[in-house]
Amino acid sequence: MQHCNKTALFVLFLSVIALCGCEGLVPRDTASLLIPRFHRSEIFGFVAGLGTTFAGLPDLLAMLRRRSSAGMNPRMAAIMGVFQILWVYYGLLIASRPVIAWNVIAVFINLFSVACYRHFVRLEKARQQT
């Protein structure tokens with residue numbers, strides 16, 4: 001047990017020494033080479049937002065193909081939509097185009113998911129009553 005503690009301390013010590021010499025390696029937020037009017041952080045923000053924005057889309061598409069609400073959790077989509085509205089507001093406060101753009105799209109995807117869920121639940125209840 002004591003050998004593990006010494007090894008962990010040695011690794012921690014080496015890590016601290018390595019990190020102390022890396023302050024010059026911090027990336028700078030320069031203009032993008034592809035689109036000079038954007039900064040690199042905005043390009044990365046757009047790419048990252050692409051993945052997180054469309055994460056709920058497969059569930060929506062599956063629900064539309066099945067024409068059924070089975071397997072869909074509307075609370076999750078509704079909660080995500082509400083918090084993405086807060087992200088849009090935050091994006092406006094910090095003037096971040098990626099945060100604003102992707103979260104506006106995500107709000108519509110999640111609200112459309114909830115609306116489709118409600119529509120299919122009504123259809124399913126109507127079928128059961130007949």
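Keep in mind the model is a prediction, meaning the values are calculated, not measured.
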Test item: [X] and [Y] side chains (from C-beta on) under 4.5 Å apart, heavy atoms:
X	Y	answer
Phe120	Ser68	no
Phe83	Leu86	yes
Thr53	Asn103	no
Trp87	Val99	yes
Asn110	Val114	no

In this structure, would [X] and [Y] fall into the same cluster of hydrophobic residues linked by side-chain contacts under 4.5 Å?
X	Y	result
Leu50	Leu61	yes
Tyr117	Leu57	yes
Val121	Met72	yes
Val107	Val104	no
Ile100	Ile85	no

Inset, instruction - Give the minimum heavy-atom separation between Leu64 and Cys116, together with the two atoms involved. - result: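 Nearest heavy atoms, Leu64 then Cys116: CD2-SG, 3.7 Å.
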
Inset, instruction - Specify the closest pair of heavy atoms between Ser113 and Met63, including all atoms of both residues, with the distance to one decimal. - result: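 So the two residues come closest at O-CE, 3.5 Å.
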
Legend entry - Residues, nucleotides or ligands: over 12 heavy atoms within 6.0 Å of Phe54 CZ: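 Buried by this count: over 12 neighbours within 6.0 Å.
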
Inset, instruction - Taking atom CZ of Arg118 as the centre, report whether more than 12 heavy atoms of other residues, nucleotides or ligands fall under 6.0 Å from it. - result: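 Incorrect, the count does not exceed 12.
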
Inset, instruction - Without swapping roles, check the side chain of Glu124 against the backbone of Ser69 for a donor-acceptor pair under 3.5 Å. - result: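 Flag set: sc Glu124 to bb Ser69 pair under 3.5 Å.
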
